[in-house]
Undergrad: 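I have a structure here, written as structure tokens, and I will follow up with some questions on it.
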Amino acid sequence: MPSSRLAEKIPGATPLVADKLEALGLHRQVDLVLHLPLRFEDETRVTPIAAAVPGETAQFEAMVVSSEIGYRPRRQLVCRVADDSGTLVLRFLNFYPSQQKALQPGAKLRIFGEVRGGFWGSEIIHPRLRVLHGDEPLPTALTPVYPTTAGLTQATLRRLIARALAEADLSETLPDALLARLSLPGFAASVRALHAPPAGLDAAALANWQQPFWRRIAFDELLAQQLSLRQAYAARRARGAPVLAGDGRWTDALLARLPFRLTAAQQRVWREIERDLAQPHPMQRLLQGDVGSGKTVIAALAGLRAVESGYQAALMAPTEILAEQHWRKLSDWLAPLGIEVAWLSGSQKKKDKQAIIAKVSAFETALVVGTHALIEEGVEFARLGLAIVDEQHRFGVRQRLALQQKGVEAHQLAMSATPIPRTLAMSYYADLDVSVIDELPPGRTPVLTKLVSAARRHEIIERVRALCRAGRQVYWVCPLIEESEALQLQTAQETFAHLSSELPELSIGLVHGRLKPDEKAAVMEGFVRNEIQLLVATTVIEVGVDVPNASLMVIEHAERFGLAQLHQLRGRVGRGAAESACILLFEQPLSETARQRLKIIYENHDGFEIARQDLHLRGPGEFIGARQSGLPLLRFADLEDTALVEAARTAAEELLAHWPTHAERHLARWLAGRAELLKA
Ligand code: ADP
Ligand code: MG
């Protein structure tokens, strides 16, 4: 039984309590030490009743004057108490006969609760109270209130934590020199102070995360994260991977054939990737670049490098449309070189899929592009040298690891247009190497963004008419309806019907997630060829679509979209020389958060800045999709505290270099119960 095992690990816990503790993720005594209070209650002082302030929580000592059961508006116990300064009503809507009996007139009570201004004067509903027998001294420290779960009382937690503080190993894991430089208090002193604040530390001071004791805990947590990521990094460097140092045959040929020159930024990231691929251990590199910065050609070069080194490469994209577009683009570029690109998607006929899978495992094809079918259909590569994952954030942080093969490990290149803010990159992604394309190809025009109330939709329709008459093309993105795909489809069809009747002279296409791949491809093809002027779409066009002649994007119910999504959508226009615009239609009234978010997208064009503000609004959990990734979130540290994140990063390096046993002890304290963070 797990509970008996745990009961041994946490002295003083019955099997039942041990189960509850386990539910809170508390497996060892030291986990209890790190189970820090949510807030504190001040039971060290007694307030005179006359000084009670409605809305505030306070403690009183008073004598019961009367105690009776009332029936209006419902059955309740009403107890009147008094001290020297005044009287107070205690009201119990649920009560036991034993409680009623304890509240005899003359009984002396210590009462704790939030005071409300009632019709009959001040009152407290369901106060916490104790009958006093003789002189009972007040506690001298603030009372901690812990996060807990049903069936586990604060009193039990306090008792177990007090015992853990006395018995667990609280020895210092930071060398003195480091503590002094960072001016942080010691570990033992910090946890003791946070569980049982010394006199002089009031609840307000403890509510401040900048308080040195909290800062120490936050630092420790960040340090543990840095250490574990660094270990994962080192472990990866110790594994073997094929050396992809081909002769440049195909990469040079592609570069010579491209209708453009790589930008300086593209050249730089290609050099970084090239260098990694030539190493005998697996690359794990994230290629970041704003929408339209030209990541695809880098993926093509990397794939060709694998091929010219005698290996295979796979490129995986999160949606069928995007994967297919990659496949077409790569095929266009590589067919003249005589290189075939295979295509694998979940919606293919079984027979076709099996044929591709057979070719891949027989090494009859070196390059394959596909959706997650690539990892789901049990594809066995003969000689996989490189796995490329586009828009990797959409797969979840750790899913990139799924594309592995037996024996040597393939190099991995993840690509993302959703920039990861710096602090996040330094923490959750610290085991990845990052390359950034920080420059757009020349000749792009900035996209003008407009916020327009949906009430003015007819004006927008006129604008679409005029633009298309002038030979331009337009995207019209239908509202995102997260709760129901069916409803989303219906809305898209209605929008399509409505626009078709308003704009009968235009050729209008509709693309959504329920279309069959060849139907989808036909519509996209029509749009690429300018046979379709107005493309009505659900968010399937979100990533990757590339039609330079499209110069206007209209997004309905823009307030429902995420910021990264809006930024990506907006990036679909402004790819040609024509002046482009993005119109964000919003429905009134807007909530305050929705207003703030639209303001961010309106004011910013830099994906990094948008991501930073998005992180600020949403917090890191949602940002990295940690829930599906299984990454434990930071409990105490705030990623916006860049200085502390950087200090932890430097400290991790120093510890590993000079104080490896300190590092080990530190990790053991913080992460032993969280092994998932330790595997790379
Ligand atoms: P993203 O980074 O969003 O995936 P793409 O790879 O789709 O961007 O590139 C956007 C467009 O820019 C494509 O049409 C691509 O062929 C083109 N492109 C890429 N690099 C350059 C360059 N150096 N000069 C001009 N156009 C480029
Ligand atoms: Mg792309």
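Read the numbers this way: they start at 1 and go in the same order the structure lists the ligands and their atoms.
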Undergrad: If you apply the rule salt bridge (Lys or Arg N to Asp or Glu O under 4.0 Å), what do you find for E556 with R457, and how did you get there?
TA: CA-CA 9 Å; E556 285 203 69; R457 165 200 281 260; 2.3 Å; yes

Undergrad: Answer yes or no: is there a side-chain heavy-atom contact under 4.5 Å between C468 and V474?
TA: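 Sidechains of V474 and C468: in contact.
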
Undergrad: Does any N or O atom in W333 lie less than 3.5 angstrom from one in ligand 1, N or O only?
TA: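 N/O-N/O distance under 3.5 Å: no.
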
Undergrad: Indicate yes or no: at least one non-hydrogen side-chain atom of Y602 is less than 4.5 angstrom from one of I600.
TA: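 Not touching, per the 4.5 Å side-chain cut-off.
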
Undergrad: In this structure, does ligand 1 have an atom that sits under 4.0 Å from one of the heavy atoms of K329?
TA: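 Under 4.0 Å: yes for K329.
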
Undergrad: Give the intermediate values and the outcome of side chain to side chain donor-acceptor pair (under 3.5 Å) for residues E609 and N604.
TA: CA-CA 7 Å; E609 182 55 24; N604 295 282; 5.4 Å; no

Undergrad: May I ask whether G289 places a heavy atom under 4.0 Å from ligand 1?
TA: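 No, that is not the case, since the closest heavy atom of the residue is not under 4.0 Å from the ligand.
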
Undergrad: Relative to the heavy atoms of T263, which atoms of ligand 1 are at a distance of less than 4.0 Å?
TA: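 This gives 23 (N) as the contact atoms.
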
Undergrad: May I ask which of P441, G294, S416, P442 has a heavy atom nearer to atom 8 (O) of ligand 1 than the others do?
TA: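 Looking at heavy atoms only, G294 sits closest to atom 8 (O) of ligand 1.
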
Undergrad: Under 6.0 Å from the ring centre and within 45 degrees of the ring axis: does the NZ or CZ of R230 meet both conditions for the six-membered ring of Y233?
TA: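 No, R230 and Y233 do not form such a contact.
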
Undergrad: Less than 3.5 Å between some nitrogen or oxygen of K295 and one of ligand 1, yes or no?
TA: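 In this structure, K295 places an N or O atom under 3.5 Å from an N or O of ligand 1.
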
Undergrad: At a 4.0 Å threshold, what atoms of ligand 1 neighbour a non-hydrogen atom of R261?
TA: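 That gives atoms 22 (C), 23 (N), 24 (N) of ligand 1.
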
Undergrad: Which is it for L262 and ligand 1 at heavy atoms under 4.0 Å: side chain, backbone, both or neither?
TA: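 It is the backbone that touches ligand 1; the side chain stays farther off.
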
Undergrad: Please identify which atoms of ligand 1 are closer than 4.0 Å to at least one heavy atom of T296.
TA: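 So the answer, numbered in order with elements, is 4 (O), 5 (P), 6 (O), 7 (O).
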
Undergrad: Do R383 and Y311 form a cation-pi contact, if we require the NZ or CZ to be under 6.0 Å from the six-membered ring centre and within 45 degrees of the ring's axis?
TA: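 Yes - R383 lies over the ring of Y311, closer than 6.0 Å to its centre and within 45° of its axis.
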
Undergrad: Salt-bridged, E505 to R465, with N to O below 4.0 Å?
TA: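 The answer is yes: the pair qualifies as a salt bridge.
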
